[in-house]
Amino acid sequence: MKLGLVGLTHSGKTTLFNALTGLSAETGYYQKNNEPNIAITEIRDERVTNLSKLYEPQKTIYSSLEILDFPADEEEKKKQFNGPQLKILDAFAVVLRNFSDPILDQSLGTPDPLKDLEDIEIEMILSDLQIAEKRLEKVQLGFKRGVKTAETLFEEKVLLRIVESLQNEKPIRGLELAPDEEKTIRGFQLLTQKPMMVLVNSGEINYLKNEELLDKIRQKGYIAEDFLGRFEMELIGLDEEDKQLFMEDMGIVSSARDRVISLAYRLLGYVNFFTVGKGEVRAWAITAGTNAQNAAGVIHSDLQRGFIRAECFSYDDIMEYGSEKVLREKGKFRLEGKNYLVNDGDILSIRFSV
Ligand SMILES: Nc1nc2c(ncn2[C@@H]2O[C@H](COP(=O)(O)OP(=O)(O)OP(=O)(O)O)[C@@H](O)[C@H]2O)c(=O)[nH]1
Ligand SMILES: [Mg+2]
């Protein structure tokens, strides 16, 4: 899962990136080379830790979140939203500056997070509009030249809807697209189609006093929360106990990393299932409502192709009964077919043959 931190210049993207990853990428300067900072963070699901204690495997593998921190450049802020780099992301986390700083206030103005969010929405909409209009022109040019198939006619219909929505300054994610419509435009990787959440980067003075602002952002349909990026970045390197004390002092209930991970799961509708054994205990992320055969495909395409059945039990049951043997005796061990919808916390073993 790839999550991209985007936003206007000096909103604190790199500061939050550091807070989230424990790294120390340079902040407070313009990332001139236009390359994102990238880190892969383990998602420390405590269920994996507990399963690992039970099975004592050679390897324990948590699922992970890849976080990319994109630079912005005030004069060329469009660049961030026009480049191809954002296309690879699964979701965006927009970082909004909600802290005052004498120097930044002078050069960028006093913080206006809502206006910044609208600016970003518009940049993304314009980027998508350019792509959709260009493609529409091409399809229609084809019609003039006599290339008219059921597919291109269908594509034109979808594109017309999309262009209209974008021209009305509405992101595509707000449109209800049928699966075949969605499939037609998937290849364009339009930005306003991707899930997006908002991280309000506050200062120590106004942290936790932003309900009104958060409400307005949520009314626009986004998941949004308040963060204290610089404060949390400065906690990097402290031991856990001190970190907790400082966080409690500021009213931070859980770390920015844990919060962003859980927001990302919520945003993307992800749940975890697990595979267990002496060799390896491992977490796998899937979207809620994925069936057993497709879930098997996340592990390996062979398991999907040759899927026979899934042996299945739940995390809660194995924790309660302590061993697979007792689970079987208690009738908590199930065999499920390919259409079984995998639940969060299911432990699967795939029977397959290729
Ligand atoms: N006063 C104050 N300054 C902050 C806070 N968070 C970040 N900053 C400062 O804001 C400046 C910009 O932070 P960065 O994290 O580099 O911002 P960015 O969004 O990555 O900027 P670009 O990469 O140029 O787009 C730095 O000097 C930070 O120290 C905060 O909560 N309070
Ligand atoms: Mg930066």
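As the structure lists them, so they are numbered: ligands from 1, and atoms in each ligand from 1. Just the heavy atoms: all of them, side chains too, but no hydrogens, waters or symmetry mates, feed the values below.
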>> With a 4.0 Å cut-off on N to O distance, would you call D344 and R47 a salt bridge?
In response: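 R47 and D344: salt-bridged.
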
> Quick one: do K194 and D128 make a salt bridge, cutoff under 4.0 Å?
Replying inline: no

Contacting atoms of ligand 1, where contact means under 4.0 angstrom from a heavy atom of [X]:
| X | result |
| --- | --- |
| K13 | 15 (O), 17 (O), 18 (P), 19 (O), 20 (O), 21 (O), 22 (P), 25 (O) |
| S100 | 1 (N) |
| N201 | 6 (N) |
| S202 | 31 (O) |

> Is NZ or CZ of K148 both nearer than 6.0 Å to the six-membered ring centre of F143 and within 45° of the ring axis?
Replying inline: yes

Contact (N/O only, under 3.5 Å) between [X] and ligand 1:
| X | result |
| --- | --- |
| A72 | yes |
| T27 | no |
| D69 | no |
| G12 | yes |

Measuring only between side-chain heavy atoms, which start at C-beta, is [X] closer than 4.5 Å to [Y]?
| X | Y | answer |
| --- | --- | --- |
| V276 | F313 | yes |
| F17 | L68 | no |
| I185 | E155 | no |

Check whether the side chains of [X] and [Y] place a donor and an acceptor atom closer than 3.5 Å, and report yes or no.
| X | Y | result |
| --- | --- | --- |
| Y62 | R282 | no |
| N18 | S24 | no |
| N98 | Y207 | no |

> If you measure from each heavy atom of S11 to ligand 1, is any distance below 4.0 Å?
Replying inline: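 Per 4.0 Å heavy-atom rule, S11 contacts ligand 1.
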
> Hey, does N18 sit under 4.0 Å from ligand 1 if you only count heavy atoms?
Replying inline: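 Per 4.0 Å heavy-atom rule, N18 does not contact ligand 1.
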
>> Counting only heavy atoms, tell me which of L8, V6, T15 gets closest to atom 13 (O) of ligand 1.
In response: T15

>> Is the contact between V95 and ligand 1 made by the side chain, the backbone, both, or neither, using heavy atoms and a 4.0 Å cut-off?
In response: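 Neither part.
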
>> I'd like to know: is the Mg ion (ligand 2) within the 2.8 Å range of an N/O/S atom from N37, strictly under that distance?
In response: no

